[in-house]
Structures are given as C-alpha cells and as structure tokens.
There are 2 protein chains.
Amino acid sequence: MKSENQSSPERAEPTKAELDILTVLWKHGPSTVRFVHEQLNTFKEVNYTTTLKQMQLMAEKGLLSRDESQMKHVYGVAEEEQKTKSYLLDRFVNHLYEGSAGNLVMQLLDSKKASKDEIKAIRALLDKLDEEEPTTQQ
Amino acid sequence: MKSENQSSPERAEPTKAELDILTVLWKHGPSTVRFVHEQLNTFKEVNYTTTLKQMQLMAEKGLLSRDESQMKHVYGVAEEEQKTKSYLLDRFVNHLYEGSAGNLVMQLLDSKKASKDEIKAIRALLDKLDEEEPTTQQ
DNA sequence: TTGATCGTACGATTTTTATCGTACCTTTGA
DNA sequence: TCAAAGGTACGATAAAAATCGTACGATCAA
C-alpha cells in the first residue's frame, strides 16, 4: 500500500534539490533511493544519505509517496507531473510576466528558444484550440 | 570525475526576496531604498533595514548598480530586464521541460492559462517569425 | 553463524537566505 | 545650534535548505 498523505491544500514550492529529485521520478517513475541517488550523481555530487534524507523529508511533506512494503522503499511523486508543473508554471508566469502567458510565450518565441518544429507544433495546437472551443474563458 | 560547477559564466539565480526587489525596479526604474521598501510593503511585511541590506548585498553581488552621488542612493538593475528574464526562463525551460520551449507553450495553452487575446497575439507573432526568417537557428 | 553489504532512521552540522538592531552620519527647520 | 527625521553601514541572529555521520536492522553467501 501507498502511504497516504493527501492533505495538500497548502502547496509548497519545491526547493532546488527537491526539484532535482522530482525530475528523476518524473522521468523514470517510482524508484528506490539508490536509483534516484545514482541519477543525481550523474550531474552533481551528493552523499547517499543526503538523498535519502531529502526523500524522506519530501515524503513527510507530502511531495512524495512511498511504498514501504519492501525493505527497499519505493518512492513516487505524490502528485501528477503535469499538475505540479502547471502550478510552477503558474507561479513563474505570475512572478515574471505579470500573469500574462502571452508575454511569456512572446519572449520565448522572440528570443528563438523554440525550434522550427516546436513552432509548428504550437501553431497546430493553436488551431486545434481555436476550433474546438469558440467560447473560451475570460 | 564529476562535472564541476560549470553551468554559466557567473550568473546567480536571484532568490525569492531578490526577485521581489528586481520586480519593483523593473516596474518603476531606478529607485531609492525607501521607495522600494514601500512597494514591497504593499504585499509583505519587511523592516526597512532588511530591504536596505538586501539591496546592498545585491549591489555587491552585481545584481544591482547604484548611484551614490546623492545621500539617498539610487539603485537600478544591473542588467536589462529582458536579459535577466530570458535567463530565468531558460533555466525554467531546461529544468521543467527538458529544454523544449514547445512543451512549455503547449502546456500553457492547453491548460488555458492564455486568454483569447493572448492567443491571438501569439499567433500573430508566429506568423511574423515565419515569414521573416525561413532559416532559423538550430 | 557470521561478517560484508545494503537498507532505513535520524540527530547534528554546515551553508545559504532573510531579517533585524544599533551605531552613526547628514539634512533640515524651529 | 541642536534635536528630530531620515539616510547608510554592518555585525548578529534567525530561519530555511542542504548535507553528512553514525547507529543499527535485514539479507545473504560462505
């Protein structure tokens, strides 16, 4: 069984180190500490117990859930990847772009951070949005 | 051998409190500590000397520049607003969207964070990009 | 059965960020 | 001229985040 801890009305902004761990779990799915630790060490140096402690703390905070039915506990993210990212994106937009997603995108496109294919994909998405919902919010 | 800290030349990721200050300066241009402090206090409580110290530190770090020809020093951002934002955006995209601006935009549009007008503006920008530079980077 | 290995738990400590108290200088106006 | 008001400087401290050392339980192969 997963340990439940579903109380997250108050959401915490993941710290840097936490985000690194979340990233690994998003990419690989539920994993052991050992595995996460190895992944982290491909780009930074940390002691095993540091990773362990970090993940324990995160589980406690409700950022991760864990299956402790085996000795090697398996940790997974507590919330949908998209949900969390969406939240972070929201904060980002609010802080840096006065809440205007358009402003952000414009800078993104303007500074050529998007590749051609990406631009194409974006346009396609725009079209799709356009036709499926003539009446949007706001 | 782990890759040593090589990320970027020397740019520091502004912390939360620092970002608040930058935001004020971006919005109002070069200002005195007093003014910034008052702005900050419209949405959070901080002591005057806290703001002062923070700004001094930021100046020391190179995030702000200051004109001390008057007793009331005037602080301004050391770097273009867009340049800094662009940097932050870049980090954000890299961390959360595997460097794919397209992914970010898609989520942005998908989760309806962009208003109709914004979408329109984005499309216009796309068109402009498209015609002016058939040969893009990357 | 036993010791090497691998796992978790968790208290301390270090490092980084944020905040504040206080000293002391300048300006101003009564 | 002098005290109040408002400015900077800066050391200390608090709070938050990150790291590590060590204890100790389980597993497993010899």
Side-chain angles (χ1 to χ4, degrees), chain A residues 1-3 5 10-25 30-76 88 91 95, chain B residues 2 4-5 7 10-25 30-76 88 91 95:
Chain A
M1 269 323 260
K2 295 285 163 64
S3 68
N5 185 338
E10 26 80 8
R11 190 189 307 239
E13 185 102 18
T15 66
K16 213 107 184 254
E18 288 172 344
L19 201 48
D20 282 342
I21 289 171
L22 285 180
T23 300
V24 170
L25 293 177
S31 315
T32 61
V33 173
R34 174 69 53 193
F35 178 79
V36 171
H37 177 244
E38 272 155 10
Q39 293 299 310
L40 292 183
N41 271 271
T42 61
F43 64 94
K44 72 174 183 182
E45 255 182 60
V46 266
N47 189 295
Y48 175 82
T49 53
T50 300
T51 304
L52 171 64
K53 177 85 170 200
Q54 199 70 225
M55 291 176 73
Q56 287 172 338
L57 254 10
M58 288 171 76
E60 209 168 279
K61 274 196 203 175
L63 264 100
L64 301 183
S65 64
R66 73 173 177 185
D67 173 351
E68 28 189 290
S69 63
Q70 308 298 320
M71 181 174 76
K72 302 186 184 184
H73 296 174
V74 173
Y75 291 75
L88 292 175
R91 305 262 302 174
H95 277 339
Chain B
K2 296 293 181 278
E4 193 44 45
N5 184 2
S7 53
E10 60 174 62
R11 192 191 304 245
E13 186 102 17
T15 66
K16 214 112 187 250
E18 287 172 345
L19 200 49
D20 282 341
I21 289 171
L22 285 179
T23 300
V24 170
L25 293 176
S31 315
T32 61
V33 173
R34 174 68 54 191
F35 178 79
V36 171
H37 177 243
E38 272 155 9
Q39 294 298 311
L40 292 184
N41 271 271
T42 62
F43 65 93
K44 72 174 183 182
E45 254 182 61
V46 264
N47 189 296
Y48 175 82
T49 53
T50 300
T51 304
L52 170 64
K53 178 85 171 200
Q54 198 70 226
M55 291 175 73
Q56 288 172 336
L57 255 9
M58 288 171 76
E60 208 168 279
K61 274 195 203 175
L63 265 106
L64 301 183
S65 64
R66 74 172 175 184
D67 173 351
E68 27 187 291
S69 63
Q70 310 297 321
M71 182 173 75
K72 302 185 185 185
H73 297 175
V74 174
Y75 291 75
L88 293 175
R91 305 264 300 176
H95 276 342

Scan residues 31-43 of chain B against DNA chain C and write down, sorted by residue number, each residue with any heavy atom closer than 4.0 Å; if none is found, say none. none
Can you give me the N/O atom pairs linking the protein to nucleotides 13-15 of chain D at distances under 3.5 Å, or say none if there are none?
none

Return each pair, listed once, that meets salt bridge (charged side-chain N to carboxylate O under 4.0 Å, His left out) where at least one residue sits in residues 48-59 of chain B; pairs must be two or more places apart or across chains. none
Salt bridge (charged side-chain N to carboxylate O under 4.0 Å, His left out) partners for B:E13, two or more places apart: B:R91
For B:K61, all residues meeting salt bridge (charged side-chain N to carboxylate O under 4.0 Å, His left out), sequence neighbours excluded: B:E18
Partners of B:E45 by salt bridge (charged side-chain N to carboxylate O under 4.0 Å, His left out), sequence neighbours excluded? none
Report the end-to-end axis angle of the helix from C:dT1-D:dA30 to C:dA30-D:dT1; each axis comes from five terminal pairs, and the value is rounded to 10°. 10°
With sequence neighbours left out, the residues meeting salt bridge (charged side-chain N to carboxylate O under 4.0 Å, His left out) with B:R34 are none
Residues at least two apart in sequence or cross-chain that pass side-chain contact (heavy atoms from CB on, under 4.5 Å) with B:V74, listed by chain then number, are B:P30, B:T32, B:D67
Rounded to whole angstroms, how far apart are CD on B:E13 and C1' on D:dA17? 15 Å
What is the distance from CD of A:Q70 to C1' of C:dT8, rounded to the nearest Å? 14 Å
Partners meeting side-chain contact (heavy atoms from CB on, under 4.5 Å) with B:E68 (sequence neighbours left out): B:R66, B:H73
From C:dT19, C:dT8, D:dA18, nucleotide with atom closest to A:H73 side chain: C:dT8
For DNA chain D, which residues in residues 46-58 of chain A have a heavy atom at a distance below 4.0 Å? A:V46, A:N47, A:T49, A:T50, A:K53, A:Q54
Nucleotide N/O to protein N/O under 3.5 Å, stretch nucleotides 26-29 of chain C:
none

Figure out the NZ/P separation between A:K16 and C:dT15, and round it to whole Å. 18 Å
